[in-house]
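Reading through the structure tokens given below for one structure.
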Amino acid sequence: MNILGKIGRVFLIVLNSIFLILGVAAFIGGIVFYNNSGATGPNVAEVMNQITIGNFTLANLVKLIAGLFIAVGVISVIVAIIGIIGASKQQRALLITYAVVIIIVIIMELVITGGVAQMKNDLNSTVKRRMLELLRPYEGNQGSALTTAWNWLFMTFDCCGVNPLIQTNDMVYTFWWRNFQRGTDQIPGFCCRDANPQNAQFNARQACTIAPTPLNSFVDRGCFDVMYQILNKYNIEAIIGCILFLLVEIAAFVFAVLMARQIGRNASKKNIT
């Protein structure tokens, strides 16, 4: 094996050892994201299942993102193992398989990146409008299944309304605001910072509902902005990471092909002699 082949072998072993670690991290990260996002819980389903981004509801989109992380983790682990064994044992068939899988993964990444960009545009243009429509029937601390879902959304994401209420008071367009039983309350009890499932429905005529401030309530945190931040979290870092990952994958493909060709040539020479 020439010097380029030796460098490629070491490169592939080291690279795929890193892929193996990153694959496990992606798998765990997908599970954590799914469990901690709060967007897939049954309590908020009435809202989440009525907000669509492209062909997905918001709840299904969270599941999709988590599923992609998990799938990428599993695929990365499998591909890394193939690459390590193929490079260390100099198995031409495994190296060819590895190269083919890498090409498929690169194509999938490009397609997914385009889809994510489109969904991001849909998130900006349609989701906020749909959330505002769904907020109009809101009834306050108690009411329909939709109202209950909004209240759990407020508690789950520590937010209130669609836009930050200190900027735009979306509550004035709701059924709750027009109900005379609201009294002097400016926000429902579920928007208070000390709200929990046990006390929130009884939060009325309190300091945080009559004179809400960012210190006693979530009037500075609109639910659209909070959910957008969750879906857009680490966006710049993710883009940079994807570009670097793509470049490394291309290098891995090149070295895998070079090693496979050299192993094939060496085998041919042995057969001739």
Is it the case that the side chain of Trp150 and the backbone of Leu134 share a donor-acceptor pair, with hydrogens and angles ignored and the cut-off at 3.5 Å?
yes
CZ of Arg261: more than 12 outside heavy atoms within 6.0 angstrom?
no
List in chain and number order the residues that pass side-chain contact (heavy atoms from CB on, under 4.5 Å) with Ile78, two or more places apart in sequence or in another chain; answer none if no residue qualifies.
Val74, Ile82
Test item: Asn16 side-chain N/O and Ile13 main-chain N/O as donor-acceptor pair under 3.5 Å:
no
Who pairs with Phe27 by ring pair (Phe, Tyr, Trp, His ring centres under 6.0 Å), at least two apart in sequence or on another chain?
none
Spell out, yes or no, whether Ile187 and Val172 are grouped together once hydrophobic residues are joined by side-chain heavy atoms under 4.5 Å, including indirect joins.
yes
Do Met131 and Leu135 share a hydrophobic cluster (ILVMFWY, side-chain heavy atoms under 4.5 Å, transitive)?
yes
With ring centroids as reference points, do Tyr138 and Phe154 lie under 6.0 angstrom apart?
yes
Val254-Leu94 co-clustered via ILVMFWY side chain contacts under 4.5 Å
yes
How about CZ on Phe11, more than 12 heavy atoms from neighbouring residues, nucleotides or ligands closer than 6.0 Å, or not?
yes
Using every non-hydrogen atom in the two residues, find where Leu215 and Arg193 come nearest and quote the distance to one decimal.
O-CD, 3.3 Å
Can you name the nearest heavy-atom pair linking Thr184 to Gln186, along with the distance?
O-NE2, 3.0 Å
Cluster question for you: counting only ILVMFWY and a side-chain heavy-atom cut-off of under 4.5 Å, with indirect links fine, are Phe175 and Trp152 together?
no
Do the side chain of Glu139 and the main chain of Ser144 share a donor and acceptor less than 3.5 angstrom apart?
yes
For a side-chain contact (heavy atoms from CB on, under 4.5 Å) check, start with the C-alpha distance between Phe224 and Leu132, then their side-chain angles and the critical distance, and finish with the verdict.
CA-CA 10 Å; Phe224 171 81; Leu132 288 170; over 6 Å; no
Just do the side-chain contact (heavy atoms from CB on, under 4.5 Å) check on Leu12 and Leu95 with the steps written out, would you?
CA-CA 10 Å; Leu12 287 175; Leu95 289 171; 4.1 Å; yes
Please examine the side chains of Phe253 and Val257, heavy atoms only from C-beta on, and report whether any two atoms are closer than 4.5 Å.
yes
Identify the residue among Ile107, Val100, Val101 that makes a side-chain contact (heavy atoms from CB on, under 4.5 Å) with Ile103.
Ile107
Atom pair CH2/CZ of Trp177 and Arg182 - distance to nearest 0.5 Å:
4.5 Å
Could you check whether any side-chain N or O of Arg92 sits under 3.5 Å from a backbone N or O of Met259, counting only pairs where one atom can act as donor and the other as acceptor?
no
With sequence neighbours excluded, what pairs up with Thr209 under the side chain to side chain donor-acceptor pair (under 3.5 Å) test?
Asp185
Where the side chain of Asn151 meets the backbone of Phe190, is there a donor-acceptor pair that is under 3.5 Å apart?
no
Are the two sulfur (SG) atoms of Cys191 and Cys160 closer than 2.5 Å?
yes
Please report the shortest heavy-atom distance between Leu15 and Ala252, naming the atom on each side.
CD2-CB, 3.3 Å
Can you name the one residue among Asp158, Asn163, Leu165 that meets side-chain contact (heavy atoms from CB on, under 4.5 Å) with Arg221?
Asp158
Nearest heavy atoms of Pro214 and Val219, plus distance in Å
N-CG2, 3.8 Å
Does Ser17 form a side-chain contact (heavy atoms from CB on, under 4.5 Å) with Ile84? I'd like the steps, not just the answer.
CA-CA 7 Å; Ser17 297; Ile84 291 172; 4.0 Å; yes
Quick one: does Thr174's side chain have a donor or acceptor within less than 3.5 Å of a partner on Met171's backbone?
yes
Tell me whether Ile250 shares a hydrophobic cluster with Val79, the cluster being built from Ile, Leu, Val, Met, Phe, Trp, Tyr side chains joined at under 4.5 Å.
yes
Run the numbers on Ile81 and Leu20 for side-chain contact (heavy atoms from CB on, under 4.5 Å), then give the verdict.
CA-CA 7 Å; Ile81 292 173; Leu20 187 62; 4.2 Å; yes
With a 3.5 Å distance limit and no angle check, can you tell me whether Thr168 reaches the backbone of Asp170 through a side-chain donor-acceptor pair?
no
Exercise: identify the closest heavy-atom pair between Ser217 and Asp220
O-OD1, 4.0 Å
Do you know the tightest heavy-atom contact between Leu146 and Pro137?
CD2-CG, 4.0 Å
